[in-house]
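Here is the structure we will look at, set down as structure tokens.
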Amino acid sequence: METLKRTVTCGALTGADAGKTVTLNGWVNRKRDHGGISFINLRDRYGTTQVVVDADAPESLKAIANELKSEYCVAVEGTVRARPDSMVNPDMATGQIEVVASNLVVLTKCDVLPFQIDDETDAKEELRLRYRYLDLRSGGMQRRIKLRNDVAFAVREHMIGQGFYEIETPTFIKSTPEGARDYLVPSRLYPGKFYALPQSPQLYKQILMVSGFDKYFQIARCYRDEDARGDRQPEFTQIDIEMSFVGRDDVLAMVEGLMGHVFRKTMGLELPAAFKRLSYDEALELYGTDKPDLRFGMEMRDFEPYVAASTFQAFKDALATGAAEREANAAKGVTIQGGGVKALVVPGKADYSRKQIEELEAAARIYRAKGMAWMKVVAASGDSSGEGGKPSLEGGASKFFSANASEIIAGLGAKPGDLILLVADAKRRVANVALGAVRTKLGRDLGLCDPKRFEFAWIVDFPMFEWNEDEQKWDTAHHMFTWPQEKYHPTLESDPGSVKGDLYDLVLNGFELASGSIRIHDPALQKRIFKIVGFDEAEGEKKFGFLTEAFKYGAPPHGGIAPGLDRLVMLMAGETSIKEVIAFPKNSFAVSPMDDCPSEVDQKQLDELHLSIRYPEK
RNA sequence: GGGGGCGUAGCGAAGCUGGUUAUCGCGCCGGCCUGUCAAGCCGGAGAUCGCGGGUUCAAUGCCCGUCGCUCCCGCCA
């Protein structure tokens with residue numbers, strides 16, 4: 001190998017190198033044999049270089065060239081030659097030159113490929129994962145893995161530059177209740193005891209604040225034993241951050257600086273110095289989700305004001321039921337929302353077919369909407385000039401609103417040619433979420449989601465508690481260590497439903513990119529929260545005792561956040577699945593088709609771990 | 001736990017309401033070709049239509065079951 005070791009990479013040579021003798025190592029990307037002359041595109045991770053075996057080359061060289069096939073790993077010795085003007089390939093970084101081979105050595109051969117290695121492969125995901133090493137050779141995967149590297153580097157560069165320490169926390173930790181299911185690791189030394197893999201370094205980073213480390217970050221692997229999704233894997237990476245002596249705005253500003261640096265450094269993009277902020281309530285009312293895609297507007301409107309004057313009984317019933325439920329709960333001291341009727345005006349889509357509208361309705365039904373009403377706004381009839389008369393409503397549910405059609409059209413700001421979509425529910429949240437899902441689908445269908453645009457926003461003022469109807473108790477909406485906003489401290493117990501937490505999510509193009517909060521550092525307040533959610537104090541002591549104990553020793557006020565690295569890189573790469581930016585991801589059943597993980601283990605190993613398996617009955 | 005979709009040569013797909021030798025592109029094999037860069041041209045091989053059962057004179061197609069994959073809801077503090 002010594003004499004065949006590369007002197008340059010396949011992405012390096014330019015016209016200035018003409019005449020040089022070089023050695024290249026790489027893979028045969030493509031071969032084009034023209035009888036006398038043949039071309040080999042040699043590829044490595046730096047690029048592709050055209051290698052030529054000339055017509056007057058020795059027969060022995062031609063013979064080797066003849067045997068080359070796709071993805072053979074080869075070494076080439078040769079001379080750099082400038083291509084004649086007419087043969088320059090402007091689409092190729094090295095397109096000005098080619099390397100005239102004087103020696104070709106096959107380092108290793110390659111079997112017939114299970115799928116072709118292309119920038120954007122059309123092979124099914126299962127196959128790509130099974131042969132991930134081949135998939136990773138593709139231009140697309142190479143670019144995304146590089147981007148991921150660049151982003152991780154930029155993160156470290158920025159954070160350390162800002163005075164943060166990167167500190168590793170354990171990946172064998174104590175299993176804690178609440179939250180997602182833990183992955184467990186059995187202990188050999190302690191029969192019946194288990195380590196858990198962390199869902200996040202949450203408790204450790206808070207303890208690091210107690211220890212005075214002030215500004216901490218870590219690019220941390222996290223594990224959650226829940227079903228996978230496009231943007232969810234059983235193991236994933238987050239940029240875990242915690243700071244002391246800060247309030248919410250300090251954390252937000254820090255992340256704005258971080259994102260600004262990462263996008264500038266890796267993509268040459270300048271982000272706004274500060275991101276838009278929306279309250280959770282606003283986000284839900286306007287977009288029907290706490291992770292709105294702000295690349296397009298199409299905000300939802302309240303439709304309740306128009307229900308009374310209409311004859312649409314379904315809407316009236318939804319509101320009446322919602323009001324009754326709200327009052328029944330209020331009598332118990334539980335603040336909940338009532339019903340809701342929401343409207344979405346889709347500009348210029350009055351020409352949508354019944355089928356298209358039904359597809360939108362299906363999106364609403366997935367989120368438990370009972371149905372979706374619609375009507376079309378049409379220009380005044382009987383007036384061919386289109387002037388003078390008022391626009392009116394037609395089709396769908398319009399007959400129920402004939403009495404106040406003009407008021408509705410004006411109130412919603414709708415124009416002739418627009419489509420109005422309506423969802424009502426006794427639970428306001430259902431109406432919001434269902435119609436919000438329709439908005440999201442429309443954004444995609446109408447091509448309003450430009451993958452080159454990055455619309456960040458902060459969602460703030462999340463509710464602290466959620467009413468659990470099944471168990472008739474309060475749960476924390478996020479985690480139990482979240483700081484309730486100061487102004488609610490006097491009324492925590494008397495009106496939990498109104499309490500907002502000092503919580504903040506960073507959203508980007510419809511994805512939750514980061515979630516964080518100011519934490520409780522006061523043991524007394526922590527006890528109150530435990531009590532409100534009915535978390536047994538003795539149990540809490542056993543599970544989180546080390547944290548509450550630590551807080552007794554001069555805990556600083558602190559807060560943090562954790563942007564997801566996979567999701568960030570996914571969005572930067574214009575992808576919709578984090579599998580595209582993870583070298584070796586699991587499939588949707590948490591299985592790695594390449595190495596067939598998870599797998600069974602020897603009885604000997606089980607014995608050592610004091611485990612016996614009880615298989616589920618079929 | 002629930003719902004939608006998919007399963008046809010190595011890969012990606014077509015195959016309309018059941019009816020001769022199951023089609024196309026890429027790849028693969030062989031041949032031709034001195035300038036291609038998604039090379040081109042000619043020829044060829046390659047499929048128990050995921051698996052099992054049923055209906056039928058006849059099933060890739062219809063029905064039932066099963067397995068695998070995929071997306072979504074729930075779940076993911």
Side-chain angles (χ1 to χ4, degrees), chain A residues 29-43 48-57 62 66 69-71 81 83-92 94-95 98 100 110-131 134-135 176-182 199-200 202-203 222-234 236 359 362-369 433-434 437 440-441 462 464-466 468 475-482 501 503 512 515 517 529 533 535 544 564 576-577 579 587-589 591 593 618:
Chain A
N29 199 50
R30 276 206 169 73
K31 190 181 77 172
R32 293 175 296 280
D33 182 356
H34 288 248
I37 188 169
S38 55
F39 304 96
I40 299 142
N41 278 5
L42 197 68
R43 185 198 71 239
T48 306
T49 297
Q50 174 163 288
V51 173
V52 189
V53 176
D54 270 331
D56 57 1
K62 284 186 180 177
N66 194 41
K69 305 234 175 2
S70 280
E71 298 304 315
R81 177 165 76 189
R83 298 198 200 182
D85 284 353
S86 61
M87 290 160 199
V88 165
N89 184 345
D91 299 327
M92 213 171 162
T94 61
E98 58 197 5
V100 185
C110 178
D111 281 0
V112 173
L113 296 165
F115 57 88
Q116 282 157 266
I117 296 171
D118 276 316
D119 265 26
E120 296 309 327
T121 179
D122 51 8
K124 285 199 187 102
E125 185 173 284
E126 185 189 4
L127 201 67
R128 293 177 57 201
L129 292 183
R130 171 123 191 262
Y131 298 96
L134 294 178
D135 189 40
T176 53
E178 312 286 315
R181 271 181 223 105
D182 282 330
Q199 298 176 29
S200 90
Q202 183 65 30
L203 303 182
C222 304
Y223 308 85
R224 291 178 191 177
D225 188 3
E226 297 293 343
D227 293 352
R229 282 285 198 297
D231 61 350
R232 254 166 37 190
Q233 280 270 304
F236 60 98
E359 278 173 17
R365 285 183 186 276
I366 290 172
Y367 291 85
R368 290 182 300 164
V433 170
T440 302
K441 178 172 165 53
F462 280 77
M464 181 79 188
F465 301 103
E466 236 164 41
N468 182 330
D475 287 337
T476 45
H478 285 247
H479 62 58
M480 289 187 286
F481 312 109
T482 300
L503 285 152
E512 179 193 307
S515 191
S517 63
I529 303 296
V533 299
F535 197 63
F544 299 121
T576 53
S577 167
K579 293 180 200 134
N587 70 8
S588 59
F589 296 95
V591 165
K618 282 205 56 173

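On a predicted model such as this, the values are computed, not experimentally measured, just so you know. In what follows, chains carry the letters A, B, and so on, assigned in the order in which the sequence lines appear, proteins first and then strands, with residues in each chain numbered from 1.
In this structure, the side chains of A:T48 and A:M92 come closer than 4.5 Å at one or more pairs of heavy atoms.
Considering only side-chain N and O atoms, A:K69 lies under 4.0 angstrom from the phosphate OP1 or OP2 of B:C29.
When the shell of 6.0 Å around CG of A:D85 is examined, it contains 12 or fewer heavy atoms from other residues, nucleotides or ligands. Annotation: A:R232, atom CZ; neighbour count of heavy atoms from other residues, nucleotides and ligands within 6.0 Å is above 12.
At a threshold of 4.0 angstrom between heavy atoms, the contacts of A:A180 are confined to the sugar-phosphate backbone, with no base atom among them. In this structure, A:A477 reaches the sugar-phosphate backbone alone: every heavy-atom distance under 4.0 Å involves primed, P, OP1 or OP2 atoms, never a base. Using a 4.0 Å heavy-atom cutoff across all strands shown, A:E466 reaches no nucleic acid atom at all. At a threshold of 4.0 angstrom between heavy atoms, the contacts of A:G35 include nucleobase atoms, whether or not backbone atoms are also involved. Residue-level contact check: A:R43 touches neither bases nor backbone, having no heavy atom under 4.0 Å from any strand. Residue A:D91 is out of contact with every strand shown, counting any heavy-atom pair closer than 4.0 Å. Among the heavy atoms of the strands lying under 4.0 Å from A:N89 is at least one base atom, whether or not backbone atoms are also near.
With 3.5 Å as the limit, one finds a donor-acceptor pair spanning the side chains of A:N41 and A:R32. Between the side chains of A:N587 and A:E125, no donor-acceptor pair is found at a separation under 3.5 Å.
Both distances falling under 3.5 Å, in either a Watson-Crick or a G-U wobble arrangement, place B:G7 opposite B:C67. The nucleotide B:A47 finds no pairing partner, because no Watson-Crick or G-U wobble arrangement with both distances shorter than 3.5 Å includes it. Nucleotide B:C75 forms no Watson-Crick or G-U wobble pair with any nucleotide shown, as no partner meets the under 3.5 Å limit on both distances. Of all nucleotides present, none satisfies the Watson-Crick or G-U wobble test against B:A38 with each distance under 3.5 Å. The pairing partner recorded for B:C62 is B:G54, the criterion being a Watson-Crick or G-U wobble arrangement whose two distances lie under 3.5 angstrom.
Of the candidate nucleotides B:U36, B:U34, B:C28, B:U34 has the atom nearest to the side chain of A:I37. The side chain of A:F39 lies closest to B:G35 when the candidates are B:G35, B:U34, B:C11. Taking every side-chain heavy atom of A:R30 into account, B:A38 is the closest of B:A38, B:U36, B:C11. Distance from the side chain of A:M87 is smallest for B:G35 among the nucleotides B:G27, B:G35, B:C29.
When the nearest nucleotides of RNA chain B are assigned to A:L127 and A:R224 by heavy-atom distance, the more 5′-ward of the two goes with A:L127. Both A:D122 and A:V112 sit near RNA chain B, but only A:D122 has its closest nucleotide nearer the 5' end.
If you check distances only, the side chain of A:R32 never reaches the base of B:C33 with a donor-acceptor pair under 3.5 Å.
Across B:U70 and B:G52, the matching C1' atoms stand 23 Å from one another, rounded to whole Å.
Panel note: side chain A:K441, backbone A:A364; no donor-acceptor pair is recorded below 3.5 Å. In terms of modelled atom types and a separation under 3.5 Å, the side chain of A:E71 and the main chain of A:N29 share no donor-acceptor contact. For the pair A:K31 (side chain) and A:N66 (backbone), a donor-acceptor distance under 3.5 Å is present.
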For this session: Would you sort out whether A:T176 and A:L203 count as a side chain to side chain contact (heavy atoms under 4.5 Å, CB included), showing the intermediate values?
Result: CA-CA 10 Å; A:T176 53; A:L203 303 182; 4.0 Å; yes

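In this structure, CG of A:N29 is placed 11 Å from P of B:A38, rounded to the nearest angstrom. Going from atom CG of A:D33 over to atom P of B:C37 covers 14 Å, rounded to whole Å. Remark: P of B:G5 and CD of A:E359 are 13 Å apart, rounded to the nearest angstrom. One interatomic measurement links the two molecules: CG of A:L134 to C1' of B:C11, which rounds to 13 Å at whole-angstrom precision. Distance CD (A:E98) to P (B:U36): 11 Å, rounded to an integer number of Å. Residue A:E71 contributes atom CD, which lies 14 Å from atom P of B:G27 at whole-angstrom precision.
No aromatic stack links A:H34 and the base of B:G35, using centre distance under 5.5 Å and interplanar angle under 30°. Lacking a ring centre under 5.5 Å from that of the base six-membered ring together with a plane angle below 30°, A:F115 does not count as stacked on B:C11.
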Under 3.5 Å, N/O pairs linking protein and nucleotides 69-75 of chain B:
unit_1 : atom_1 : unit_2 : atom_2 : d
B:U70  : OP1    : A:E125 : OE2    : 3.4
B:U70  : OP2    : A:S588 : OG     : 2.6
B:C71  : OP1    : A:K579 : NZ     : 3.2
B:C72  : OP2    : A:G230 : N      : 3.4
B:C73  : OP1    : A:Y367 : OH     : 2.5
B:C73  : OP2    : A:R229 : NE     : 2.7
B:C73  : OP2    : A:R229 : NH2    : 3.1
B:G74  : N7     : A:R229 : NH2    : 2.9
B:G74  : O6     : A:R229 : NH1    : 2.9
B:G74  : N1     : A:D227 : OD2    : 3.0
B:C75  : O2'    : A:E226 : OE1    : 2.9
B:C75  : O2     : A:R232 : NH2    : 3.3
B:C75  : N3     : A:R232 : NH1    : 3.1
B:C75  : N3     : A:R232 : NH2    : 2.9
B:C75  : N4     : A:R229 : NH2    : 3.4
B:C75  : N4     : A:R232 : NH1    : 3.1

